[in-house]
J.: 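Please see the structure below; I have some questions.
For reference, positions follow the sequence shown, starting with 1. Note: hydrogens, waters and symmetry copies are ignored here, and every other heavy atom, side chains too, is used.
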Amino acid sequence: GANLSYADLSSADLRWSYVVGANLNKADLIGAYLSGAYLIGAIGLTDEQMTSAWSLEGATIPNGQKYEERLKSKGRGSERPAALRNPALR
């Protein structure tokens with residue numbers, strides 16, 4: 001996979017992309033559009049990075065689970081990053 005560690009992907013449109021096995025360690029995903037993205041085997045992708053993205057609806061996360069299933073398993077509903085909920089944090 002591609003080495004995207006420390007990449008500035010903020011507000012990037014990565015909908016329906018295949019980011020299989022990519023290194024996303026410390027990548028900036030704030031406001032990124034990842035709806036439907038296929039992130040199987042992505043390295044270094046944290047919960048914090050995922051919740052900072054604008055949308056992960058229908059995305060497959062590194063463990064093969066759909067993002068919505070992960071939220072349900074953690075007892076949380078749809079989340080929006082703090083920076084997008086609060087304009088003062090932008």
J.: Got a sec, which residues hit side-chain contact (heavy atoms from CB on, under 4.5 Å) with K66, two or more places apart in sequence or on another chain?
T.: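 Once residues adjacent in sequence are excluded, the partners of K66 under the side-chain contact (heavy atoms from CB on, under 4.5 Å) criterion are T60, E68, E69.
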J.: Indicate if L14 and L39 have the same hydrophobic cluster label, given that clusters are the connected sets of ILVMFWY residues with side-chain heavy-atom separations under 4.5 angstrom.
T.: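 Same hydrophobic cluster.
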J.: Less than 4.5 Å apart, side chain to side chain, heavy atoms only: is that true for L45 and M50?
T.: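 They are in side-chain contact.
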J.: Do L71 and L56 belong together in a cluster built from hydrophobic side chains that touch within less than 4.5 Å?
T.: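 Yes.
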J.: Under the criterion side chain to side chain contact (heavy atoms under 4.5 Å, CB included), I'd like the reasoning laid out for L24 against L9: C-alpha separation, chi angles, the key distance, then a yes or no.
T.: CA-CA 10 Å; L24 293 169; L9 300 172; 4.3 Å; yes
J.: Could you report the tightest heavy-atom contact between S55 and S35, atom names first, then the distance?
T.: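 Smallest interatomic distance, heavy atoms only, reads OG-OG, 2.6 Å.
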J.: Give me the atom names and distance for the closest heavy-atom approach of A22 to L4.
T.: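 Shortest heavy-atom separation between A22 and L4 comes out as CB-CD1, 4.3 Å.
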J.: Within a 6.0 Å radius of atom CD on E57, are there more than 12 heavy atoms belonging to other residues, nucleotides or ligands?
T.: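 No, because the 6.0 Å sphere around CD of E57 holds 12 heavy atoms or fewer from other groups.
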J.: I need the Y33 OH to D13 CG distance, nearest 0.5 Å.
T.: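 Rounded to the nearest 0.5 Å, the OH-CG separation comes to 8.0 Å.
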J.: For Y18, enumerate each residue passing the ring pair (Phe, Tyr, Trp, His ring centres under 6.0 Å) test, keeping only those at least two apart in sequence or located in another chain.
T.: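 Y38.
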J.: Who pairs with T46 by side-chain contact (heavy atoms from CB on, under 4.5 Å), at least two apart in sequence or on another chain?
T.: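 Result, side-chain contact (heavy atoms from CB on, under 4.5 Å) vs T46: E48, Q49.
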